[in-house]
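Structure first, commentary second.
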Amino acid sequence: MKKSPRRRVPTKWRVAGRTSKQQDRRLNEFEIIRRFFDRPPKKTLLGIGDDCALLRPDAGLELAVTTDLLIEGRHFLAGAEPRALGHKALAVNLSDLAAMGAAPRWATLALGLPAADEGWLAAFSAGFFALAERHGLDLIGGDTTRSAQVTIAVTALGEVPSGVAMYRASARADDDIWVSGELGSAALALTHPEIGTAATRLNEPEPRVELGERLRGIAHAAIDISDGLAGDLAHILERSRVGALVDYARIPRAAAFAGIGDAELERDCVLSGGDDYELAFTADGDQRAALEALGRELGLALTRIGTIEAGAPRLVVRDARGAPMSYRGAYDHFGGNA
């Protein structure tokens, strides 16, 4: 956004659509920036306060860049708790960086808001910065505007040593397939919000940043599980031009499913439910001991669930008897569930 003909806003953060009288009665753009989003940078040449931020990656490192958009009514319900929303808005981007083995460094934040609500902004920014500070990430700029519904766009940048990033296209025949944590909890929360652990997984996912960095040189291919295991694993198969065989019984899942006793719901959540933000990755069979030790060190379950196979990009999930199971594909924002 360029300079106004009347005044220059000394930052890329803007609040659009207000008259001067409205700004007198409400938080203006300068107060929003100063009070809620302007923090001293730790690894940035120039952060908030100019038309652009200035960055200097360390020598020998590559930049990983990712963007996610969250829209009220599509990705979260109206009235969602703002602190958890601030956490999740950043977490989903850090999860993408983790899948590439990148260490988080910088982010920009663009907000569309129906109103500049002080309480909402305070809680949202607190959730955002609590996660950012855990991972040493600087917020370096963004944009704000008035909109009919809450819209949040985050771009995150990370650094990864040259030549060790994990690509979706790097899976190899005979690789083991692994997943971190448990799957299906976030999707379960959509139908059973009373289950506290599931609701936490949905609203405040934990990006596996340290795991992603530690998988450098161990894993071949990786992806974060945002749209369901079956759909996301299919992306690896397509890019790597390989197939896969997964044993459904091996997939780790929340203990709460046992108490519900709905096998169809469990299968759908575990195989096709989104928002888990765990990592799925492939590795040579000779890395099993190293990965088991890494899981113990991190206090994070790493579970081997299947094998990459040579052949057409096709995922087969088999039940306890060895028979193929049916499942939904990945969620499509324009076409619904596949």
Side-chain angles (χ1 to χ4, degrees), residues 58 60-62 64 91 94-105 131 134-137 158-186 197 200-201 204-226 229-230 232-233 235-237 240 242 244-255 257 270-271 276-309 315 317-318 320:
D58 290 339
L61 300 180
E62 298 170 345
L94 298 191
S95 184
D96 284 332
L97 294 180
M100 298 291 291
R105 291 293 182 257
L131 184 60
R134 278 174 50 195
H135 295 289
L137 178 142
E159 294 177 324
V160 59
S162 181
V164 300
M166 297 174 290
Y167 301 160
R168 296 180 183 183
S170 298
R172 305 173 186 174
D174 298 324
D175 273 1
D176 292 329
I177 302 170
W178 297 75
V179 295
S180 65
E182 297 175 340
L183 302 187
S185 295
T197 53
T200 298
R201 289 297 305 275
E204 298 182 76
E206 183 62 30
R208 302 304 184 186
V209 173
E210 185 174 4
L211 172 62
E213 294 181 47
R214 297 291 297 275
L215 287 176
R216 299 169 183 165
I218 298 177
H220 292 152
I223 192 170
D224 78 319
I225 304 173
S226 56
L229 174 65
D232 287 323
L233 189 54
H235 295 315
I236 288 181
L237 304 185
S240 297
V242 292
L245 180 63
V246 167
D247 290 310
Y248 178 70
R250 289 189 185 182
I251 302 172
R253 66 208 70 185
F257 284 113
V270 170
L271 290 177
D276 282 313
Y277 297 103
E278 295 291 349
L279 296 186
F281 57 95
T282 77
D284 280 334
D286 61 9
Q287 296 290 350
R288 291 177 185 176
L291 287 166
E292 289 167 357
L294 177 59
R296 290 191 296 270
E297 181 183 344
L298 298 179
L300 175 64
L302 301 180
T303 306
R304 183 165 51 90
I305 64 169
T307 307
I308 296 293
E309 298 183 326
L315 171 62
V317 181
R318 62 186 180 187

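A pairwise comparison of heavy atoms in V160 and M100 identifies CG2-O, 4.1 Å as the closest pair. Of all the heavy atoms in A221 and S170, the pair that sits closest is CB-C, 3.9 Å. Across all their heavy atoms, S95 and L279 have their closest contact at O-CD2, 4.2 Å. Smallest separation of non-hydrogen atoms from V209 and P104: CG1-CD, 3.6 Å. M166 approaches A99 most closely through the heavy-atom pair CE-O, 3.6 Å. Here the closest non-hydrogen pair linking F257 and L183 is CE1-O, 4.1 Å.
Geometric assessment of R253 against the ring of Y248 yields a positive cation-pi assignment under the 6.0 Å and 45° thresholds.
Between Q287 and H220 there is no side-chain heavy-atom pair separated by less than 4.5 Å. Proximity of E292 to L302: side-chain heavy atoms (C-beta onward) are nowhere separated by under 4.5 Å. Counting only heavy atoms from C-beta outward, the side chains of P252 and V179 approach each other to under 4.5 Å. Residues L291 and D176 have side chains not in contact (no heavy-atom distance under 4.5 Å, counting atoms from C-beta outward). The closest side-chain heavy-atom distance from R168 to I223 is below 4.5 Å. By the 4.5 Å heavy-atom criterion applied to side chains, L294 and L211 are counted as neighbours. Looking only at side-chain heavy atoms (C-beta outward), E213 and P161 stay at 4.5 Å or farther from each other.
Atom CZ of R208 and atom CG of L215 lie 12.0 Å apart (nearest 0.5 Å). Here L94 contributes atom CG and Y277 contributes atom OH; the two are 11.5 Å apart, rounded to the nearest 0.5 Å. One finds the CD1 atom of I308 at 10.0 Å from the CG atom of L245 (value rounded to the nearest 0.5 Å). Atoms CD1 and CD1, from I251 and I305 in turn, are 5.0 Å apart once rounded to the nearest 0.5 Å. The line from CG of L61 to CZ of R105 is 7.5 Å long, rounded to the nearest 0.5 Å. Here CD of E210 is found 5.0 Å from CG of L298. Values are rounded to the nearest 0.5 Å.
Partner of L315 under the side-chain contact (heavy atoms from CB on, under 4.5 Å) criterion, out of L229, L233, I177: L233 alone. Tested against D175 for a side-chain contact (heavy atoms from CB on, under 4.5 Å), the candidates I236, V242, T282 yield a single pass: T282.
Of the possible polar contacts, one joining the R201 side chain to the D276 backbone as a donor-acceptor pair under 3.5 Å is found. Listed for the R216 side chain is a donor-acceptor partner under 3.5 Å among the backbone atoms of G101. Under a 3.5 Å cut-off, the side chain of E159 and the backbone N or O of D58 do form a donor-acceptor pair. Formation of a donor-acceptor pair under 3.5 Å by the S240 side chain with backbone atoms of R172 is not found in this model. Between the D232 side chain and the S226 main chain, a donor and an acceptor come within less than 3.5 Å of each other.
Atom CG of D174 is surrounded by 12 or fewer heavy atoms from other residues, nucleotides or ligands within 6.0 Å.
A salt bridge links R134 and E206; the closest N-O separation between the charged side-chain nitrogens and carboxylate oxygens is under 4.0 Å.
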